[in-house]
2 protein chains.
Amino acid sequence: MRSPVVPEAVSRPTLEAVATRAGVSRATVSRVVNGGYGVRQPLAERVRRAVAELGYVPNQAARSLVTKRHDAVAVVIAEPEVRVFTDPFFALQLRGISKELTAHDNQLVLLLTEGRDDHTRVARYLAGGHVDGALVFSLHLDDPLPGLIHDAGVPTVFGGRPGWRDRTGTPMYVDTDNRGGARTAVRHLVGLGRSRIAHITGALDQTSAADRLDGYRDVMAETAGGGLDPSLVVESDFTPAGGERAMRELLGRRPDVDAVFAANDLTALGALRVLRERGLRVPEDVAVVGFDDMLPLAEQSDPPLTTVRQDIERMGRLMARLLLRGPSALHGTSVPHGASAPEVSSAPDRSSGPGGTGPAARTPGPGVILPTTLIRRASA
Amino acid sequence: MRSPVVPEAVSRPTLEAVATRAGVSRATVSRVVNGGYGVRQPLAERVRRAVAELGYVPNQAARSLVTKRHDAVAVVIAEPEVRVFTDPFFALQLRGISKELTAHDNQLVLLLTEGRDDHTRVARYLAGGHVDGALVFSLHLDDPLPGLIHDAGVPTVFGGRPGWRDRTGTPMYVDTDNRGGARTAVRHLVGLGRSRIAHITGALDQTSAADRLDGYRDVMAETAGGGLDPSLVVESDFTPAGGERAMRELLGRRPDVDAVFAANDLTALGALRVLRERGLRVPEDVAVVGFDDMLPLAEQSDPPLTTVRQDIERMGRLMARLLLRGPSALHGTSVPHGASAPEVSSAPDRSSGPGGTGPAARTPGPGVILPTTLIRRASA
DNA sequence: ATGAAAGCGCTAACAA
DNA sequence: TTGTTAGCGCTTTCAT
């Protein structure tokens, strides 16, 4: 189904028109428009004047037809859940991506998917050669999209570590150091003297959730008196309501719990609410740590939330950079696997400086892992 | 600056290839691909088979070059502030837009702007004839963008009532009934027996804020003992921090205030925090009403927020529809100016049914105004 | 109903 | 350095 024709803007001047007006050939105008190499100053000047006078703007369709480039990148957001839309995650990624693409004169084509039908639509679009590459988010373990996208033959970078096994050599991706961040969070709780530390997980079909759980287990296993107590782990789904449910269940089976590491801030907020309603004090009775540093929520909860910050906008920027420039985009950025940026900051300093990839992005294989920072507030 | 060439996907089959394979002319293939009118069944069938076997996908650049259509719409978000990114407003609009565009086989090209430089970039892009139309958001009174966009000669629909005077006949727009919603909110407070009702405004260079203020004034002026008391109006900026500041100032000059209508939920949340910190009970001492029904914030504040809901996703859908189909998109939807949907719902029923434009969209002139609903929770 | 042919506006050899 | 020319892949008259 095609939509009815939208009234067309008045016909714009063409290369030809500019050429005539400047008294040169189309080729010369083309050269000037594309950087002006190999054109003598005075001529170039004349052409530029003609361009300005006529208000000439190149027709991108014509250009793409011959260059086979589009200077456009698709952003694919698979979003079976509303969750994506209730947290700023999405918007921040986009902002980062947009900045980077803009800096390279690329356009951002947004492809939102709601269900299976949309998947084939997206695959067709990518196969149609409208864009030079794709950035893909929010994948779940069983998602068919990666396969379809691969078949479309478009260069792709994934947001978040893909959870499926290689059909095609591991794809490029950018992710947060979920496991490391989780460790930092749990260690912080341990450092506070807590010993019955629970974890409310995210949706475990997403690698971010699985990795955070792993990080939790790492620390619990190595902790004195250690050994993993499965009764301290409650599976949830990244939502506030899920957090409430999980916290209730947790209090049911472990009334002695003295700390909770929640898979994200939204979940932590749900937990906080249940704790308050039960008359338990935070952090005195139960310390709570979240993940994301989602503002303003994390700052303004009661009490303000101690949480693991990830630099979401930077993730977006990096994904775009990787797609546009290839792995070399990371030069001067990657560091040896063990190294890391300071993991705790007490000041909620949000800026990581514009532009740069920032410190300590780790690159194991085709993936780039961004570091996290523990933000201490009142809840733990 | 153009980015380095991204590796090109392997060359896709062309119309020509399909034609050869099916043993017909390019024209015939073209006809089949575009609906197949005037092609006999058996031939059409042969062509379709060839298309499938070759995995043919039409080259959109070539097509656009001749049709001068792009089946693409630009979404322009002028965003000098971070605010846009901390509330789901943006994402919900996009979702609505995306759904509608998808239903019409149109692509969504996202143009995010951070500052003046970006404005000219956007204008150039629109003038470049890449898209069939534009949807534009987040304008402030002094924004140069509308002028530039108009000059670009692209059909445009604005999100939110434009605040500037006509250079060009009033533009099409879709807006929430900000004034009516504000009235409903304030009347609700009056109905609760409150008489010293304050208003914390939004950023008054945006029409949404100005209109909500007007709605507040409407009711205050008509209320017994009425007369507008300027000391009850505090200017703010739609942010939580701004809400806190405003609430403090308000309590300074009017310690007797017994109700607050905040220009949005974020602001209301800030106010709530200050009230709590001063030991004032909500709603017993001071009733609070917000605007937006931003979830999950509004539901999960303490106490849960009574607020004026606007259907943001529907706004987006309508904008897209208006752009694609023109004003006739509203047939069967517009109602006489005075009419309105039920203004109060007690159940937080979010669904307005998929697809339809829903009830009671008002269309004064070139604008479409969507109704609001008061959602009663604990705060008022 | 089908095919032949003329471009859409641009870039990129190749000539001059 | 500048101009000439041949397409890029598709749609669309115009013949047949």
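Below, chains carry the letters A, B, ... as their sequence lines are ordered, and counting in each starts from 1.
- B:His130 places its NE2 atom 15 Å from the P atom of C:dG9, with the value rounded to the nearest Å.
- Between D:dT11 and B:Ser30, a contact under 4.0 Å exists linking OP1 or OP2 to a side-chain N or O.
- The side chain of B:Asn34 places an N or O atom within less than 4.0 Å of a non-bridging phosphate oxygen (OP1 or OP2) of D:dT11.
- At a threshold of 4.5 Å between non-hydrogen side-chain atoms, the residues A:Val75 and A:Met319 do not count as touching.
- Computed from coordinates, the B:Glu45 CD to C:dA1 C1' distance equals 17 Å when rounded to whole Å.
- The interatomic distance linking A:Arg12 (CZ) with C:dG9 (C1') rounds to 15 Å, in whole Å.
- Side-chain contact between A:His119 and A:Leu148 is present, with heavy atoms from C-beta onward closer than 4.5 Å.
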Using side chain to side chain contact (heavy atoms under 4.5 Å, CB included), reason through A:Val131 and A:Tyr125 one step at a time and then give a plain yes or no. CA-CA 9 Å; A:Val131 293; A:Tyr125 180 80; 4.0 Å; yes
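- Rounded to a whole Å, the NE2 atom of A:His70 is 15 Å from the P atom of D:dC8.
- Comparing atom distances between the A:Tyr56 side chain and each of C:dG9, D:dC10, C:dC10 picks out C:dC10 as nearest.
- Remark: B:Arg26 is not in phosphate contact with D:dT11, judged by side-chain N or O atoms under 4.0 Å from OP1 or OP2.
- More than 12 non-hydrogen atoms from other residues, nucleotides or ligands lie less than 6.0 angstrom from CZ of A:Arg121.
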Go through the steps for B:Val33 and B:Arg63 under the test side chain to side chain contact (heavy atoms under 4.5 Å, CB included), then give the verdict. CA-CA 12 Å; B:Val33 168; B:Arg63 177 181 276 172; 3.9 Å; yes
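- Close to C:dT11, at under 4.0 Å from its OP1 or OP2, lies no side-chain N or O of A:Lys68.
- Taking every side-chain heavy atom of A:Val66 into account, C:dA12 is the closest of C:dA12, C:dT2, C:dG7.
- The listed nucleotides are D:dT1, C:dG3, C:dG9; the one nearest the side chain of A:Arg40 is D:dT1.
- Between A:Tyr37 and C:dA12 there is no side-chain N or O to OP1 or OP2 distance below 4.0 Å.
- The separation between A:Asn59 atom CG and C:dG7 atom P is 18 Å, rounded to whole Å.
- For the pair A:Ser25 and D:dG3, the criterion of a side-chain N or O lying under 4.0 Å from OP1 or OP2 is met.
- Atoms CG (A:Leu15) and C1' (D:dT5) sit 15 Å apart, rounded to a whole Å.
- Between A:Gly38 and A:Ala27, the residue anchored nearer the 5' end of DNA chain D, judged by the nucleotide with its closest heavy atom, is A:Gly38.
- Residue side chain B:Arg31 reaches the base of C:dG3 through a donor-acceptor N/O pair under 3.5 Å, judged by distance alone.
- Each of B:Ala62 and B:Thr28 was matched to the nucleotide of DNA chain C holding its nearest heavy atom; the match closer to the 5' end belongs to B:Thr28.
- Atom CD of A:Glu16 and atom C1' of D:dG3 are 13 Å apart (whole Å).
- A close approach under 4.0 Å does occur between a side-chain nitrogen or oxygen of A:Arg63 and OP1 or OP2 of C:dT11.
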